[in-house]
Amino acid sequence: MICRNVATNPALRNSDFFRHLISKSPNLAHLTQTHAQIILNGLQTDVITITKLAQKLSDFNSIRHASLLCHTFPKPDIFLFNVLIRAYSHNKNPLSAISTYAKIRKTTILKPDNFTYAFILSALDDGLDERLGLLLHCHSVVDGYGSDVFVGSAVVDWYFKFSRVGLALKVFDGMPDRDTVLWNTVISGLARNCAFTEAMKIFMKMLGEGAVFDSATLATVLPAAAELQEMTLGKGIQCLALKIGVDCHAHVLTGLVSLYSKCGDCDTAEYLFGQILRPDLISCNAMISGYTCNHDTESAVGMFKELLHSRERVNSSTLVGLIPVHSPFGFLNLTYSIHAFSLKSGVVSNPSVSTAMTTVYSRLNEIEPARKLFDDCPEKTLAGWNAMISGYTQNGLTEKAITLFQQMQGSDVRPNHVTVTSMLSACAQLGALTLGKWVHDVIIKEKLEMNVYVSTALIDMYAKCGSISYARQLFDSMPDKNVVTWNAMISGYGLHGHGQEAVTLLNEMSASRVLPTEVTFVCALYACSHTGLVKEGNDIFRSMVHDYGLKPLSEHYACMVDIFGRAGQLNKAMEFIEGMPVEPGPAVWGTMLGACMIHKDKKLARIASDKLFEFEGEGVGYYVLLSNIYSSERSYAEAASVRQLAKKKQLAKTPGCTLIEIGGTPHVFTSGDRSHPQSDAIYEKLESLLGKMREAGFQTETVTALHDIEEEEKEISVKVHSEKLAIAFGLISSEPGTEIRIIKNLRVCVDCHTATKFISKVTERIIVVRDGNRFHHFREGMCSCGDYW
DNA sequence: ATAGGGTTAG
């Protein structure tokens, strides 16, 4: 009909008419016909008409047609090319966008303008060479668009896309004018890069400067508040939404659903979800994840099934929200079903799904399936690496964690604060001070976020690796401490035998506003038992029950038994056990047995060991302990039978080994080890030491060496314990007067303990030993543990 | 004649 009009009314066949016709065009067929009319009317060289046509063609996804139009146009201007670049950008075809840009610069005299840069920068995705973006940023500045808000927003967004957070902020700071979109770009970029605290700060700054914000701003900042579990700030944002009348916007409501979900208020989340007129997939995902993280798996699965029925597609986010990462133990079958579903539907190759599943399996201590998921995932993201590394450290597989971290270093993914937190935990477990210090340097050099997790991990690492005073220095300088931070410090003091400091710190903690937990008291009681602070331990136990209303766990009882037992008050320990309101478990009897062995009380030892035997199969330590009792009574046949029992249950004893770092290189020794290249020199050194030690009064203990849990093999006459080898190696490979630090996986035996005291005396060295339980600082023939260990 | 930013998952 319109076409007939054209034919009958020549006066209307001008550029304006066709432009109107193009914009009203309902489909591609109509548009093609209009193109024909344009040519018939001789307007095929009118740049405005053709630009409009190219734009409409790309709206109908006919990019090839639009491209042909541009490239065959006799005198194209920059507008026409801009439209084409925008088309490529929308069509997610960055390579064509770039080649168009290259063509403009190489084959025309046209100058790219602010539109060109804005379009092309937004077309670049993270699959491309980073230098392209840098080059374009450069060109835009040279061409004088360095202060243009549109180009600026695109540049900032691009830096965030490539996780160059620092550079993005630098560009943002350099912008003379900032509009709402630029602010929003920065806030969303920070949130996308997990810099939630920074995102909140920028939002505050935006409010402070009186900048205009809109629903997009609030929808962008809400997830940051949700991630930080900042309910107060979140409610403030909700008020602002009300104030500017966008509290019913779907995006804002979705953000609020997420906020309330993550802060544990599932009811409000559900109510707000109900306010969304037409919930889309994203808001449903938010609600599903809300149900899951509040352990309402039934509702989560219900909504998931509903979604499956109503649409044929759910996305990876739906599935991730359904995976019970926070409570995997209660929902094993669900976990397996989700795994099966993701395998069947192929979403398992989505890095987020894979990462969530990796996390769940790690938490279930199923490390092999976790590793398989990680290996099978085609794209290794930061979260994926982090999940696998922390999976290893949380399961005590520290060497594997470190190996994986080294592999990560070789990839193009850079570690963040989460990665280093796991690595610090691995170092703490291993006692790897050099590696730990290196990680600390990385944190400083890379300016990684220093949150309470990182600082606590640092304190724990330094404490567990022997630098207790530096740990305290860090502790004092930390602006925010939570209960875990305090616990780490108190436990550090316990490890080093600084019981008094631990008690003082516990009191300081009560004075501050941080409430102690059961763990705090385990740490504090442990510190008391290892320093022989009987009265203090008793007071703390009573305070825990009466002042804090905490119910003692078996660990607390075991600590108390240890406190009495080590101090030689065996009858009091027994009385304490008899007065327990709950049935004493293997931990309590094991501790009692240990105390009986130290103080050589065979009668009570027999009672404790009989009790302990009722818990057979609980762990290898008790079998070893039992067998040691029999050996010390020279009941070798019985001893052998107990060991046989342990072996039958495939509970082989952990072999003893000791690690020493010299110049950053770790050296590991096992009992009677002769594999070290400097083995001869080491044994020679030991021989000469022994002579000097004997002169100073040292005698080898043989009988008493037969009694501790998990010591190294009792073959002193044949094999030299790994600890002595490491010390001897330390002596010959370090300057006189320097401190020697060694780490042993098992508890140190009496003979080595005494020997180390003498070595520290005759060599005038400080020797720091971290054994399986605690630290020993040897100096001038004395040990900091006061012989309690 | 052509603009840029938003909500879910690890």
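We name chains A, B, ... by the order of the sequence lines, and we start the count at 1 in each one. What you are looking at is a predicted structure, and each value in this text was computed from that prediction instead of being measured. All values below were derived from every heavy atom in this structure, side-chain atoms included, with hydrogens, water molecules and symmetry-related copies excluded.
- Of the candidate nucleotides B/dA3, B/dT7, B/dT8, B/dA3 has the atom lying nearest to any side-chain atom of A/F119.
- Nearest to the side chain of A/H90, among B/dA1, B/dG6, B/dG4, sits B/dG4.
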Can you give the donor-acceptor pairs under 3.5 Å from side chains of residues 164-174 of chain A to other protein atoms, not counting sequence neighbours?
from	atom 1	to	atom 2	distance (Å)
A/R164	NH1	A/E130	OE2	2.4

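- The separation between A/I338 atom CD1 and B/dG10 atom P is 12 Å, rounded to whole Å.
- One interatomic measurement links the two molecules: CE of A/M175 to C1' of B/dG4, which rounds to 11 Å at whole-angstrom precision.
- Here the C1' atom of nucleotide B/dA3 and the CG atom of A/L84 are 16 Å apart, to the nearest Å.
- Neither OP1 nor OP2 of B/dT8 sits under 4.0 Å from any side-chain N or O of A/S283.
- Taking every side-chain heavy atom of A/D179 into account, B/dG4 is the closest of B/dT8, B/dG10, B/dG4.
- With B/dA9, B/dG6, B/dT8 as the choices, the nucleotide that has an atom nearest any side-chain atom of A/N315 turns out to be B/dT8.
- Within 3.5 Å, no donor on the side chain of A/T359 pairs with an acceptor on the base of B/dG10, nor the reverse.
- In this structure a side-chain-to-backbone donor-acceptor pair under 3.5 Å is present from A/H71 to A/S67.
- If you check every strand for non-hydrogen atoms under 4.0 Å, A/S215 touches a base.
- Applying a 4.0 Å cut-off to non-hydrogen atoms, the residues of residues 255-266 of chain A that approach DNA chain B are A/S258, A/K262, listed by residue number.
- Closest approach to the A/N350 side chain among B/dA9, B/dT7, B/dT2 is made by B/dA9 (side chain taken as heavy atoms from C-beta onward).
- The nucleotide whose nearest atom lies closest to any side-chain atom of A/F115 is, among B/dA1, B/dA3, B/dT8, B/dA3.
- With sequence neighbours excluded, the residues forming a salt bridge (charged side-chain N to carboxylate O under 4.0 Å, His left out) with A/R105 are A/D143, listed by chain and number.
- Within the nucleic acid shown, A/T51 comes within 4.0 Å of at least one base atom, counting heavy atoms only.
- A salt bridge links A/R192 with A/D157: the distance from a Lys NZ or Arg NE/NH1/NH2 to an Asp or Glu carboxylate oxygen falls below 4.0 Å.
- Judged as a side-chain hydrogen bond (donor to acceptor under 3.5 Å, both in side chains), the pairs with a partner in residues 260-274 of chain A (not counting sequence neighbours) are, in order, A/E227-A/K262, A/Q238-A/Y260, A/D265-A/T268, A/E270-A/Y291.
- Considering only the side chain of A/K52, B/dA1 comes nearest among B/dT7, B/dA1, B/dA9.
- Listed nucleotides B/dG10, B/dT2, B/dA9 differ in distance to A/T355; the shortest reach to its side chain belongs to B/dG10.
- The CZ atom of A/R278 sits 20 Å away from the P atom of B/dT8 (whole-angstrom rounding).
- Less than 4.0 Å separates DNA chain B from at least one heavy atom of each of the following residues of residues 360-386 of chain A: A/T381, A/A383.
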Under 3.5 Å, side-chain donor or acceptor atoms of residues 251-258 of chain A against the rest of the protein: list the pairs with distances, not counting sequence neighbours.
from	atom 1	to	atom 2	distance (Å)
A/T254	OG1	A/A250	O	2.7

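- Rounded to whole Å, the distance from CD on A/Q238 to P on B/dT7 is 18 Å.
- Annotation for A/V413 and A/L382: closest pair CG1-CA, 3.7 Å, computed over non-hydrogen atoms.
- Looking at heavy-atom distances under 4.0 Å, A/A387 makes no contact with the nucleic acid at all.
- Across all strands shown, A/T180 has heavy atoms under 4.0 Å from base atoms, whether or not it also approaches the sugar-phosphate.
- The residue A/P223 sits close only to the backbone: its heavy atoms come under 4.0 Å of sugar-phosphate atoms, none of a base.
- For the side-chain hydrogen bond (donor to acceptor under 3.5 Å, both in side chains) condition, no pair includes a residue of residues 198-211 of chain A, sequence neighbours left out.
- Counting only heavy atoms from C-beta on, A/V83 has its side chain closest to B/dT2 among B/dT2, B/dG4, B/dG6.
- Put simply, A/S188 has a side-chain N or O that comes within less than 4.0 Å of OP1 or OP2 on B/dG6.
- Residue contacts shown for A/D77 include a base, since a base heavy atom lies under 4.0 Å away.
- For the pair A/K111 NZ and B/dT2 C1', the interatomic distance rounds to 19 Å; values are reported in whole Å.
- For A/V83, the side chain to side chain contact (heavy atoms under 4.5 Å, CB included) partners two or more places apart in sequence, or in a different chain, are A/T51, A/A54, A/Q55.
- Rounded to an integer number of Å, the gap from CD1 of A/I237 to P of B/dG6 is 17 Å.
- Heavy atoms of A/S352 sit under 4.0 angstrom from at least one base atom.
- Sequence neighbours left out, the pairs with a member in residues 347-356 of chain A that pass side-chain hydrogen bond (donor to acceptor under 3.5 Å, both in side chains) are A/S316-A/N350.
- A side-chain hydrogen bond (donor to acceptor under 3.5 Å, both in side chains) check over residues 377-390 of chain A, counting only residues at least two apart or in different chains, returns the pairs A/N386-A/N416, A/N386-A/T419.
- The salt bridge (charged side-chain N to carboxylate O under 4.0 Å, His left out) search around A/D59 returns A/R86, not counting sequence neighbours.
- Residues from residues 149-169 of chain A lying near DNA chain B, meaning a heavy-atom separation below 4.0 Å, are A/V149, A/F150, A/S153 in numerical order.
- At the heavy-atom level, A/A219 lies under 4.0 Å from base atoms of the strands shown.
- Aromatic ring centres of A/H139 and A/Y145 lie farther apart than the 6.0 Å criterion allows.
- The nearest whole Å value for the distance from the CG atom in A/L240 to the C1' atom in B/dG6 is 16 Å.
- Residue contacts shown for A/R192 are limited to sugar-phosphate atoms, with no base heavy atom under 4.0 Å away.
- Between A/Y159 and A/H137, the distance from one ring center to the other falls under 6.0 angstrom.
- In the set B/dT7, B/dA9, B/dA1, B/dT7 carries the atom at the smallest distance from any side-chain atom of A/T254.
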